[in-house]
Number of protein chains: 2
Amino acid sequence: MRIMEAEARRPGDINDPDCPTRRLIDRVGDKWSVLVILRLFERTHRFSELRTAIGGVTPKVLTHTLRALERDGLVERHVYAEVPPRVEYRLTGLGHSIVAPLAALRDWAEEHIPQVVQARERYDAAHAKGPEGE
Amino acid sequence: MRIMEAEARRPGDINDPDCPTRRLIDRVGDKWSVLVILRLFERTHRFSELRTAIGGVTPKVLTHTLRALERDGLVERHVYAEVPPRVEYRLTGLGHSIVAPLAALRDWAEEHIPQVVQARERYDAAHAKGPEGE
DNA sequence: CAGGATCCATGGGGATACTG
DNA sequence: CAGTATCCCCATGGATCCTG
């Protein structure tokens, strides 16, 4: 499998800043990036639209997230010099390309998270009072 | 089937702790989980093996990571009551199932990170001295 | 409307030392 | 060997207020 190839060429050296896996984690690891990307995949959004659509995100953080995404070339920022300021965000081609992998992961989540939850309950139940039964 | 619950209650409400996407981010968002999973996909590892193989991870953090993974049902922990303590970690079936999506993302990274890096350089160059040429 | 500026709480995660 | 126990730093991100 592909995984083996990667392993062969870069044997898990996550200290290497060039390690793709490492950078990937940085990218999708933060709290809002993925949500923003999946939102923008649907359609172009204005700042406020994203803000209300996602909910729970503060302007500062949303701005930061969007800037990071823009810097990485995943999102485009379009400013319209109008009287009521209008700024639209949309995915770039690169941004679109990451949607599929992201969607794959999301699909995994939707399908398996219940099992994860069950596993947690089992684990907690077995460890809360101390592993006796065995 | 899978989506109905999460989707039905709130399309994209990441405030809902049950939102699969949200939980997924929690899982793959931390610094070492993905590395550990991909390592264990190759073969079973002992604690020290993982430690040296991944490198840069402290025992405390590695333990924490493994515990979380175990709790989520992605990793199995096998303790051998021997004189020199031996503990082996391996992926569960569930753990194996997430490798493919993870690999997809990793493949994306390997293929597109260079573009991301370029985008960053362009962005930084364009913003460092002030956006004039606009 | 879009976001910059500030202050601050939380905790992930690193370093180090110790133990069953 | 396989962790535990502490201490500590600082990046992430939330709350609030302010502005072009």
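All heavy atoms count here, side chains included; hydrogens, waters and symmetry mates do not.
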Does [N] have OP1 or OP2 under 4.0 Å away from a side-chain N or O of [X]?
| X | N | result |
| --- | --- | --- |
| B:Arg67 | D:dT4 | yes |
| A:Arg46 | C:dG3 | no |
| B:Tyr89 | D:dG3 | yes |

**OP:** Using heavy atoms to find the nearest nucleotide of DNA chain D for A:Pro85 and A:Lys31 separately, return the residue whose nucleotide is more 5′.
**Re:** A:Lys31
Rounded distance (Å) that lies between atom [atom2] of [N] and atom [atom1] of [X]:
| X | N | atom1 | atom2 | result |
| --- | --- | --- | --- | --- |
| B:Glu82 | C:dG20 | CD | C1' | 16 Å |
| B:Arg51 | D:dT4 | CZ | P | 13 Å |
| A:Leu62 | C:dG4 | CG | C1' | 13 Å |
| B:His64 | C:dA15 | NE2 | C1' | 17 Å |
| A:Asp30 | D:dG14 | CG | C1' | 15 Å |
| A:Ile54 | D:dG13 | CD1 | P | 13 Å |
| B:Phe47 | D:dC1 | CZ | P | 12 Å |
| A:Glu49 | C:dG3 | CD | C1' | 16 Å |

**OP:** With heavy atoms under 4.0 Å as the rule, sort B:Arg86 into base, sugar-phosphate or nothing.
**Re:** sugar-phosphate
Original post:
Would A:Val79 and B:Tyr123 show up in the same hydrophobic cluster when neighbours are defined by side-chain heavy atoms closer than 4.5 Å?
Top reply: no
**OP:** Look at the side chain of B:Lys60 against the base of C:dG14 and say whether a donor-acceptor pair falls under 3.5 Å; ignore hydrogens and angles.
**Re:** yes
Subject >> Check against salt bridge (charged side-chain N to carboxylate O under 4.0 Å, His left out), A:Glu49 and A:Arg51 >> reply: CA-CA 5 Å; A:Glu49 287 176 337; A:Arg51 208 178 142 185; over 6 Å; no
Subject >> Donor-acceptor contact present, side-chain A:His127 to main-chain A:Ala125, <3.5 Å >> reply: no
Original post:
Looking at C:dG13, D:dT4, D:dG14, which one has an atom nearest to any side-chain atom of A:Val61?
Top reply: D:dG14
**OP:** May I ask you to test the B:Val99-B:Ile37 pair for a side-chain heavy-atom distance under 4.5 Å?
**Re:** yes
Original post:
Is there a side-chain contact between A:Leu102 and A:Phe41 (heavy atoms, below 4.5 Å)?
Top reply: no
